[in-house]
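Structure, as structure tokens:
Since this is a predicted model, take the numbers as computed values, not measurements.
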Amino acid sequence: KLRYSVSSPPSISHPMVICTLQFRAILTCVASLKRAEDWLLDLTCSSCGEERGTTVTLDPTKTVESNRGRKSFHLILKCPSCGREQYVTVKENSERDVSGEVSEEWQSVLQLDCRGVEVSGWHLGQYVLTTPSGMRVPDADLTDGDFADFDEDLNKSVEVLEAETRVI
């Protein structure tokens, strides 16, 4: 005979949450934007709800082996408040460039499999900007949300304005 208690459901040590990072901006004469540096994330512990006090850097090209098994993750952390382990993995083939054809609409740029932690925000930074003529700007700084340049081949202004981020 099986016994169970309605008041205490089975515990799940690290429920999975998929966090999707999105980007939106007014784009003028921009074909694409590609992230040129590591992702800068704000994290919140799923167990105690404590926000991590510092921004965490995620490099999607590097993984770390877990000491509890054969699985590897892009980030392995411990909550500074409750001590629970936290794991973040970039979902395969989820990193996307921002398309200049979709100005002013939210675009998904990265998906993360998060266990024990949730992404509460992410920060803009350096991007490789490409114009329709093929001009490349390898260090377009979107930290403040705006960037401007000039494409001499097209004789047009290149602009990224009011860039913002969100997590869904």
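Residues passing the salt bridge (Lys or Arg N to Asp or Glu O under 4.0 Å) test with E95: none are found, sequence neighbours excluded. Here D151 pairs with nothing under the salt bridge (Lys or Arg N to Asp or Glu O under 4.0 Å) rule; sequence neighbours left out. For F73, the ring-ring contact (aromatic ring centres under 6.0 Å, His included) partners two or more places apart in sequence, or in a different chain, are Y87. With sequence neighbours left out, the side chain to side chain contact (heavy atoms under 4.5 Å, CB included) criterion links E101 to S99. Take K34 and apply the salt bridge (Lys or Arg N to Asp or Glu O under 4.0 Å) test, not counting sequence neighbours, and it matches D97. The side chain to side chain contact (heavy atoms under 4.5 Å, CB included) search around S94 returns V90, K91, L110, Q111, not counting sequence neighbours. Take R24 and apply the salt bridge (Lys or Arg N to Asp or Glu O under 4.0 Å) test, not counting sequence neighbours, and it matches E164. Residues satisfying the side chain to side chain contact (heavy atoms under 4.5 Å, CB included) criterion with S81, sequence neighbours excluded, are C48, E50, C79. The side chain to side chain contact (heavy atoms under 4.5 Å, CB included) test applied to D144 returns no partner, not counting sequence neighbours.
Applying the ring-ring contact (aromatic ring centres under 6.0 Å, His included) test to pairs two or more places apart or on separate chains, those with a residue in residues 29-59 are W39-W122. For residues 138-168, no pair satisfies ring-ring contact (aromatic ring centres under 6.0 Å, His included), with sequence neighbours left out.
Cluster partners of I26, using a side-chain heavy-atom cutoff of under 4.5 Å among ILVMFWY residues and allowing indirect links, are L161.
Taking all atoms of both residues into account, the shortest heavy-atom contact from A25 to A163 is CB-CA, 3.7 Å.
Counting only heavy atoms from C-beta outward, the side chains of L27 and V160 approach each other to under 4.5 Å.
Under a cut-off of 6.0 angstrom, the local environment of CZ in R136 is sparse, with at most 12 non-hydrogen atoms contributed by other residues, nucleotides or ligands.
Side-chain atoms of D146 come within 3.5 Å of backbone N or O of E162 as a donor-acceptor pair.
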